[in-house]
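Just so it is clear, the structure is predicted and the values come from calculations on it, not from any experiment. One-based numbering along the sequence shown.
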Amino acid sequence: MTTLYLLRHGQASFGQADYDRLSELGQQQAAILGEHLAQRRIELSACYSGQLQRQRVTGELALARMPAARTRVQIDAAFDEYDADGVFRTYLPRVVEDQAEFAAVSRDLSRDRRQFQKVFAAVIQAWADDSAGGDGLESFPAFLERVAAGLNRLRERHGKHENIAVFTSGGVIAAAMRLVLGLNKQTMFDLNWRIANASLSEIHLRPHGLYLHGFNATAHLQAQGAKYLTYR
């Protein structure tokens, strides 16, 4: 049985010009995650991340805290997060038109995380409800298919009794949970909003299917102090 560890990236730079860069706290979270994996004596056969900087750097920082690690981060675009900026640009005008209460708060969401989350959830729901997607934008069904294809490749590529790490994002982990548990899209996004930065989820890869072993573990973060438990 091969175990797949799905690891969300550390805190990114919300409200900054370059969101894809890890914050100082995000870098610390990545180091804590690596130390946790080392303490559990998890020997990784392979390590992957999506193409995004916050995913890749989280993997590199975590591996640096694992002295016994004999692998490097390999890039696989299947584990990229959905294009949140593109989704926002495409669907925010539609959401504001349909839900007038969002018109006022949508002008400067970077200053209010709570309002941002409320509007963002509505925007993501509009994207998920549109099977065609926007002009040139990956559709929700295509995103799900991409993640599923990446997981299936890992299952086919790696043999028995291997430990595989994938440093990725909340949307990808939620999509994996949908695939493993047969969730509807509303439940999938409910889980998505609860996946913590630098959290750990585990899936067992077997020839006849994928099986959930653990979801959104954060004890390694909470043990260091409340400030290390973040969601955006």
Side-chain angles (χ1 to χ4, degrees), residues 6 8-23 25-26 50-55 58 77-151 168-199 201 215-216 229-232:
L6 293 173
R8 191 184 175 202
H9 61 77
Q11 184 188 65
S13 298
F14 179 82
Q16 303 300 312
D18 183 9
Y19 171 77
D20 197 27
R21 180 175 53 83
L22 288 183
S23 68
L25 179 60
Q51 301 176 99
L52 301 176
Q53 178 180 326
R54 60 187 183 274
Q55 300 171 337
T58 297
F79 304 114
D80 284 356
E81 182 64 293
Y82 53 79
D83 181 6
D85 288 341
V87 169
F88 214 79
R89 286 194 303 270
T90 301
Y91 290 93
L92 179 59
R94 306 183 195 183
V95 167
V96 169
E97 183 177 353
D98 293 340
Q99 303 180 51
E101 68 270 21
F102 289 148
V105 301
S106 65
R107 296 190 182 98
D108 191 8
L109 294 172
S110 64
R111 295 186 181 181
D112 190 332
R113 294 190 180 214
R114 200 170 281 181
Q115 289 290 354
F116 175 85
Q117 182 57 42
K118 185 183 294 186
V119 175
F120 187 61
V123 167
I124 292 299
Q125 188 63 55
W127 170 61
D129 289 341
D130 183 2
S131 60
D135 184 23
L137 184 68
E138 181 181 43
S139 69
F140 178 66
F143 168 67
L144 295 177
E145 290 173 7
R146 167 165 63 80
V147 174
L151 294 175
T168 184
S169 298
V172 174
I173 297 171
M177 295 302 110
R178 174 185 168 100
L179 181 66
V180 173
L181 300 175
L183 305 176
N184 60 43
K185 61 187 176 184
Q186 183 59 58
T187 305
M188 170 189 156
F189 285 118
D190 286 344
L191 285 184
N192 189 173
W193 311 137
R194 290 162 175 78
I195 298 173
N197 295 117
S199 62
S201 299
F215 173 69
N216 198 35
L229 186 61
T230 63
Y231 296 89
R232 184 167 297 284

Is the shortest side-chain heavy-atom distance between Leu179 and Val147 below 4.5 Å? no

With sequence neighbours left out, what residues match Ala196 under side-chain contact (heavy atoms from CB on, under 4.5 Å)? Ser199, Asn216, Thr218, Leu229, Tyr231

Can you tell if the side chain of Leu144 reaches within under 4.5 Å of the side chain of Met188, non-hydrogen atoms only? yes

Trp193 (side chain) donor-acceptor with Phe189 (main chain) under 3.5 angstrom: yes

Just verifying a value: how many Å separate Leu137 CG and Trp127 CH2, rounded to the nearest 0.5 Å? 7.5 Å

Sort and list the pairs that fulfil side chain to side chain donor-acceptor pair (under 3.5 Å) and have at least one residue in residues 168-180, not counting sequence neighbours. Gln55-Ser169

Looking at Arg8 and Ile195, would you say the former's side chain and the latter's main chain have a donor-acceptor pair under 3.5 Å? yes

Atom of Val123, atom of Val95 and distance for their closest heavy-atom approach: CA-CG2, 3.9 Å

Rounded to the nearest 0.5 Å, how far apart are CZ of Phe79 and CG of Leu151? 5.0 Å

Interatomic distance, Gln186 atom CD to Asp129 atom CG [nearest 0.5 angstrom]: 9.0 Å

Tell me, please, which residues at least two apart from Thr230 pass side-chain hydrogen bond (donor to acceptor under 3.5 Å, both in side chains). Gln29, Asn197

Just checking, Arg146 and Phe143: is the charged tip under 6.0 Å from the six-membered ring centre and within 45° of the axis? no

Could you tell me the separation between the CZ atom of Phe140 and the CD atom of Gln125, rounded to the nearest 0.5 Å? 8.5 Å

Using 0.5 Å steps for rounding, measure from the OH atom of Tyr82 to the CG atom of Asn192. 4.5 Å

Counting C-beta onward and ignoring hydrogens, is there a side-chain heavy-atom pair between Val119 and Phe88 closer than 4.5 Å? yes

So how far is it from Leu22 CG to Thr58 OG1, rounded to the nearest 0.5 Å? 4.0 Å

On a heavy-atom basis, which atom in Asn184 and which in Thr187 lie closest, and how many Å separate them? OD1-N, 2.7 Å

Test side chain to side chain contact (heavy atoms under 4.5 Å, CB included) applied to Phe215 and Val180, step by step: CA-CA 12 Å; Phe215 173 69; Val180 173; over 6 Å; no

Using the side-chain hydrogen bond (donor to acceptor under 3.5 Å, both in side chains) criterion, which residues pair with Arg54? Sequence neighbours excluded. His9, Asp20

Could you pull out the closest heavy-atom pair between Ser13 and Ser23, with the gap in Å? OG-N, 3.9 Å

Under the side-chain contact (heavy atoms from CB on, under 4.5 Å) test, which residues partner Ala142, sequence neighbours left out? Glu138, Ser139

Which residues satisfy the side-chain contact (heavy atoms from CB on, under 4.5 Å) test with Gln51, sequence neighbours excluded? Ile75, Ala77, Asp80

